[in-house]
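Chain letters run A, B, ... following the sequence lines, proteins first and then strands; every chain starts at 1.
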2 protein chains.
Amino acid sequence: MMERYGVTGFSWVPTFAQGLNRDLRVRWALEEAGLPYDTRQIDLTDRKSDAYRQVQPFGMIPAFSADGLDLFESGAIVQLIAENSETLMPIEGPDRIMTVVWMYAALNTVEPPIDNLATLDLQHSDEEWAKLGRPTVVEAVRDRLAVLAGQLGGRDFLIGRFTAADILMATVLRLVQHTDLVASFPAVDAYLKRCEARPAFRNVLGQQMAEYAKNMPTVA
Amino acid sequence: MMERYGVTGFSWVPTFAQGLNRDLRVRWALEEAGLPYDTRQIDLTDRKSDAYRQVQPFGMIPAFSADGLDLFESGAIVQLIAENSETLMPIEGPDRIMTVVWMYAALNTVEPPIDNLATLDLQHSDEEWAKLGRPTVVEAVRDRLAVLAGQLGGRDFLIGRFTAADILMATVLRLVQHTDLVASFPAVDAYLKRCEARPAFRNVLGQQMAEYAKNMPTVA
């Protein structure tokens, strides 16, 4: 028995956050795997509600329903989808192992400094501590991007072929698209463009942008 | 064919970092699973060397060797160990899925603000931006701990029984042991103590502390 998957995201977010929400990772993975799914939408203001916390205890998106289970954590959801799709993850052997390694590298080593920078710039840019602390955060991001550039030399994707690890890494890199940091590492820049050029990504991004446009709040 | 596992950590670290290094996660998982392994040690100053970067591109610890492969990322290594040990992860079904969910929750939702706070306090405490920015970071940590406290109500471990997700979550929570944050959430505090009381954890922590003591640099 296999129910149709459900992916929960926000009905609308401000322009600066559009295309950066983590439900996009899950939708991209489902699209690459050719799995049908429904989208469900909550308002930004509903995310901390008791009802939504029953599904996603941290009050974040995405939430994911599959086979009667309510799941959360974009990394876990993408991995669980990938385990059922050879398009996203080799079934066994060293390539499967290195896919898992790079999934965690994307979310536990590369995303933290990148998310810190995005948070500083997009949510705290007027605050003194954010201005003073920014150079330290930028340096941490540059360190990670330099390593990534070295890894990608001569390879199209992280383990060679496209996998779920690239979905996570590309969506992480997009979080600093308001800066020139990725562009300053040509191998990383080319890699991100290669990921973003995939038809599955273009489809889900286009669909999400259309949803946001449709749901844009009217001025009261 | 199965080679003996090898876990690389630092030969010695300053007192404030002892017991917080991420190779401890891997050693704890191996100990719970009853798998034999060798430890390998690098000096703090060697971590950015070209030779070590061949094994661990980000110049961090742990590195892990298994079946001729060089792996990195503590989360990925713990997961791969767990996939071969029912002690650490149920083989299939909803409990396996929720173990994966909580592994990613530990490393991608709970660890980032906690690691930010540890970094502020342990590496940047004299800097003005760290002082000014600290309340925002503490608030983010409190948010996560409050959710965790709610999840743990009535449960001994994250999914009920002990799993690899608890290894990751407990080692994340230990990163702010220099504060009273965990203690201020009794359910989380009791959970962490429950994890730390496990014989496997006590063994590997004791072994690592003995190694650090033995390798303590002499004053020149």
Side-chain angles (χ1 to χ4, degrees), chain A residues 22 48 53 56-60 64 66-80 83 93-94 96-113 115-116 119-120 123-124 127-137 140 143-144 147-148 150-151 168, chain B residues 22 48 53 56-60 64 66-80 83 93-94 96-113 115-116 119-120 123-124 127-137 140 143-144 147-148 150-151 168:
Chain A
R22 285 160 175 79
K48 301 286 187 187
R53 295 254 203 189
Q56 212 301 6
F58 293 98
M60 298 173 168
F64 186 64
D67 303 327
L69 276 180
D70 289 318
L71 310 186
F72 49 96
E73 289 294 326
S74 59
I77 299 164
V78 168
Q79 184 183 305
L80 293 162
E83 287 177 351
R96 178 185 185 280
I97 291 173
M98 294 314 293
T99 301
V100 175
V101 164
W102 280 105
M103 290 182 71
Y104 278 95
L107 298 192
N108 201 224
T109 293
V110 181
E111 185 168 46
D115 191 58
N116 280 344
T119 302
L120 283 190
Q123 294 176 34
H124 298 284
E127 294 169 58
E128 189 64 11
W129 65 267
K131 289 175 195 166
L132 294 171
R134 192 175 189 276
T136 301
V137 179
D143 274 356
R144 303 300 196 276
V147 172
L148 204 51
Q151 286 293 307
L168 298 183
Chain B
R22 285 159 176 79
K48 301 285 187 186
R53 295 253 204 191
Q56 213 300 7
F58 293 99
M60 298 172 169
F64 187 65
D67 303 327
L69 277 180
D70 289 318
L71 310 187
F72 48 97
E73 290 294 328
S74 59
I77 298 164
V78 168
Q79 185 183 305
L80 293 162
E83 287 177 351
R96 178 185 186 279
I97 290 174
M98 293 315 293
T99 301
V100 175
V101 164
W102 280 104
M103 290 182 70
Y104 278 95
L107 298 192
N108 201 223
T109 293
V110 181
E111 185 168 47
D115 192 59
N116 280 345
T119 302
L120 283 190
Q123 294 175 33
H124 299 284
E127 294 169 59
E128 189 64 11
W129 65 266
K131 290 174 196 167
L132 293 171
R134 193 175 189 277
T136 302
V137 178
D143 274 356
R144 302 301 196 275
V147 172
L148 204 51
Q151 286 292 306
L168 298 183

Please examine the side chains of A:L107 and B:L107, heavy atoms only from C-beta on, and report whether any two atoms are closer than 4.5 Å.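 SC-SC contact between B:L107 and A:L107 ruled out.
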
For the student: nearest non-hydrogen atoms of A:Q123 and A:E127, plus distance: O-OE2, 4.1 Å

Shortest non-hydrogen contact between A:V101 and B:A76, atoms and distance: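 Here A:V101 and B:A76 meet closest at CA-CB, 3.6 Å.
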
So which of [options] has the biggest tally of heavy-atom pairs under 4.5 Å with chain B?
options	answer
A:P113, A:A105, A:G150	A:A105
A:I77, A:V100, A:T109	A:T109
A:D115, A:T136, A:L148, A:V110	A:T136

Which bit of [X] comes within less than 4.5 Å of chain A, counting heavy atoms only: side chain, backbone, both or neither?
X	result
B:N116	side chain
B:R53	side chain
B:L80	side chain

I'd like to know if A:R22 and A:E73 make a salt bridge, using a cut-off of under 4.0 Å between side-chain N and carboxylate O. no

Salt bridge check, A:R144 against A:E111: does any charged N sit closer than 4.0 Å to a carboxylate O?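 Judged by the 4.0 Å cut-off on N to carboxylate O distance, A:E111 and A:R144 do not form a salt bridge.
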
Identify which of B:R134, B:Q79, B:E128 forms the greatest number of heavy-atom pairs closer than 4.5 Å to chain A.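 Going by pairs under 4.5 Å, I would pick B:Q79.
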
Report the relative orientation of the aromatic rings in A:H124 and A:W129; use parallel for angles under 30°, tilted for 30 to 60°, perpendicular for over 60°. tilted

